[in-house]
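Bear in mind the structure is a predicted one, so any value in this text is a computation, not a measurement. Every heavy atom of this structure was used, including side-chain atoms; hydrogens, water molecules and symmetry mates were not.
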Amino acid sequence: MAAHPVAAQFNLRVDYHLFFLAEENERPEIPGFANRMVAVAPGFAAVKTGIAQGDVRLSVEVHKEAPPVEIADWEEAVEVTLEATIGRIQVAAMMDWAPPFPVLTPNGPGDYRVRVHARGRDNAIDLAVTEPVEEYLAQIWPAPPAHQVIYKQSDRYGAQWVLPSGGEDSEEGEDLSASG
């Protein structure tokens with residue numbers, strides 16, 4: 001197993017307001033964004049961006065255990081459980097399944113916690129950009145399943161996704177199987 005934490009940072013192509021943390025070729029129906037930013041299904045997590053198309057700056061960190069919660073410099077921060085069904089979760093874009101990020105699940109199949117941080121989602125809402133205006137940090141580590149944790153929600157883009165009481169998103173799942 002690699003030394004921890006494992007970290008990588010790249011620009012990542014976004015299409016249709018989305019990028020993924022997914023097993024290779026996994027594109028299930030997204031169940032809904034119950035926390036305004038991350039939706040999960042077995043082997044798959046979708047992250048909703050403010051831009052419709054273009055690059056975002058993405059950093060990923062793989063840890064042995066939960067890293068300290070540091071959200072002061074972020075506008076959004078949520079934590080969810082992601083089940084790695086095959087055990088090879090990687091960063092993926094809607095139209096490209098081979099970005100240069102490391103495998104995020106070095107322990108193989110099982111449950112992991114993913115903490116996603118975002119800033120800049122209000123900078124170019126619904127636009128196509130030529131340079132990154134949004135930044136994301138995804139931290140992942142092995143851990144048993146737990147309820148989602150919403151650490152911070154302060155951007156205007158996320159606020160438009162009104163959550164009914166009970167924390168579940170009323171939005172219908174998005175079927176991405178026919179896309180790209």
Side-chain angles (χ1 to χ4, degrees), residues 6-62 71 74-86 88-105 112-141 148 150-153 155-158 160-161 169 171 173-180:
V6 174
Q9 184 178 55
F10 294 96
N11 289 348
L12 177 68
R13 178 72 182 184
V14 167
D15 289 294
Y16 303 101
H17 290 275
L18 295 170
F19 70 87
F20 310 115
L21 308 176
E23 303 282 11
E24 187 174 12
N25 297 320
E26 274 298 317
R27 293 176 98 168
E29 182 175 314
I30 297 174
F33 291 86
N35 55 46
R36 302 179 182 173
M37 187 167 57
V38 181
V40 293
F44 183 85
V47 179
K48 187 177 288 226
T49 64
I51 65 167
Q53 185 178 44
D55 284 357
V56 297
R57 190 74 176 154
L58 175 63
S59 299
V60 294
E61 296 174 359
V62 179
I71 60 171
W74 298 96
E75 296 164 352
E76 301 283 313
V78 301
E79 186 176 306
V80 296
T81 295
L82 174 59
E83 177 190 1
T85 54
I86 299 169
R88 295 196 47 83
I89 299 282
Q90 292 184 287
V91 173
M94 176 74 79
M95 305 298 179
D96 178 9
W97 288 96
F101 284 93
V103 171
L104 304 178
T105 50
Y112 292 80
R113 291 295 281 177
V114 178
R115 188 179 304 141
V116 179
H117 308 73
R119 62 179 159 231
R121 293 196 313 168
D122 291 339
N123 291 338
I125 295 172
D126 297 331
L127 299 177
V129 299
T130 57
E131 293 187 21
V133 297
E134 297 180 31
E135 187 173 355
Y136 294 83
L137 167 63
Q139 298 171 310
I140 188 166
W141 63 94
Q148 74 174 356
I150 298 171
Y151 291 106
K152 191 174 188 181
Q153 292 183 317
D155 67 25
R156 289 186 330 267
Y157 181 70
Q160 73 181 337
W161 305 104
D169 193 346
E171 190 180 315
E174 299 176 57
D175 183 2
L176 300 178
S177 59
S179 300

**Prompt:** Which distance, rounded to the nearest 0.5 Å, do you find between the CG of Leu12 and the CZ of Phe19?
**Reply:** 6.5 Å

**Message:** Does any part of the side chain of Val114, heavy atoms only, come nearer than 4.5 Å to the side chain of Leu21, both counted from C-beta?
**Reply:** yes

**Message:** With side-chain contact (heavy atoms from CB on, under 4.5 Å) as the criterion, how do Val47 and Met37 come out once you've worked through the C-alpha distance, each side chain's angles and the decisive distance to 0.1 Å?
**Reply:** CA-CA 6 Å; Val47 179; Met37 187 167 57; 4.2 Å; yes

**Item:** Shortest non-hydrogen separation from Gln9 to Ser59 and the atoms involved
**Value:** NE2-OG, 2.8 Å

**Request:** Scan Arg121, Lys48, Arg156 and name whichever one has a salt bridge (Lys or Arg N to Asp or Glu O under 4.0 Å) with Glu76.
**Result:** Arg121

**Prompt:** Taking atom CD of Glu83 and atom CZ of Phe44, what is their separation to the nearest 0.5 Å?
**Reply:** 14.0 Å

**Complete:** In this structure, OG1 of Thr105 is separated from CD of Glu23 (nearest 0.5 Å) by 6.0 Å

**Prompt:** Just by modelled atom types, is the Ile51 backbone N or O under 3.5 Å from a matching donor or acceptor in the His17 side chain?
**Reply:** yes

**Main-chain N/O of Tyr16 paired with Gln53 side-chain donor or acceptor, under 3.5 Å** = no

**Asked** Do the side chains of Val91 and Val60 get nearer than 4.5 Å, heavy atoms only?
**Response** yes

**Minimum heavy-atom distance Ala45-Leu82, with the two atoms named** = N-CD1, 4.1 Å

**Asked** Do Thr49 and Tyr136 have side chains that get closer than 4.5 Å, going by heavy atoms?
**Response** yes

**Message:** Using every non-hydrogen atom in the two residues, find where Arg88 and Val103 come nearest and quote the distance to one decimal.
**Reply:** NH2-CG2, 3.4 Å

**Shortest non-hydrogen contact from Gly158 toward Arg36** = O-CD, 3.0 Å

**Asked** Given Glu75 and Arg119, is the salt bridge (charged side-chain N to carboxylate O under 4.0 Å, His left out) satisfied, shown in steps?
**Response** CA-CA 5 Å; Glu75 296 164 352; Arg119 62 179 159 231; over 6 Å; no

**Side-chain ion pair, Asp55 and Arg57, N-O less than 4.0 Å** = no

**Fill in**
Closest non-hydrogen atoms of Arg113 and Thr81, given as atom of the first, atom of the second and distance, are NH1-OG1, 2.7 Å

**Prompt:** Rounded to the nearest 0.5 Å, how far apart are CG of Asn123 and CD of Glu135?
**Reply:** 11.0 Å

**Message:** Taking the side chain as everything from C-beta on, heavy atoms only, tell me whether Thr85 gets closer than 4.5 Å to Pro42.
**Reply:** yes

**Prompt:** Atom CD1 in Ile89, atom CG in Leu104: separation rounded to 0.5 Å?
**Reply:** 7.5 Å

**Asked** Of all heavy-atom pairs between Ala77 and Ile71, which one has the smallest distance, and what is that distance?
**Response** CB-CG2, 3.6 Å

**Interatomic spacing from OH in Tyr151 to NE2 in His117 - rounded to 0.5 Å** = 8.0 Å

**Exam field: side chain Asp122 to backbone Tyr157, donor-acceptor pair closer than 3.5 Å** = yes

**Message:** Contact between Leu137 and Trp74 at the side-chain level, heavy atoms closer than 4.5 Å - yes or no?
**Reply:** yes

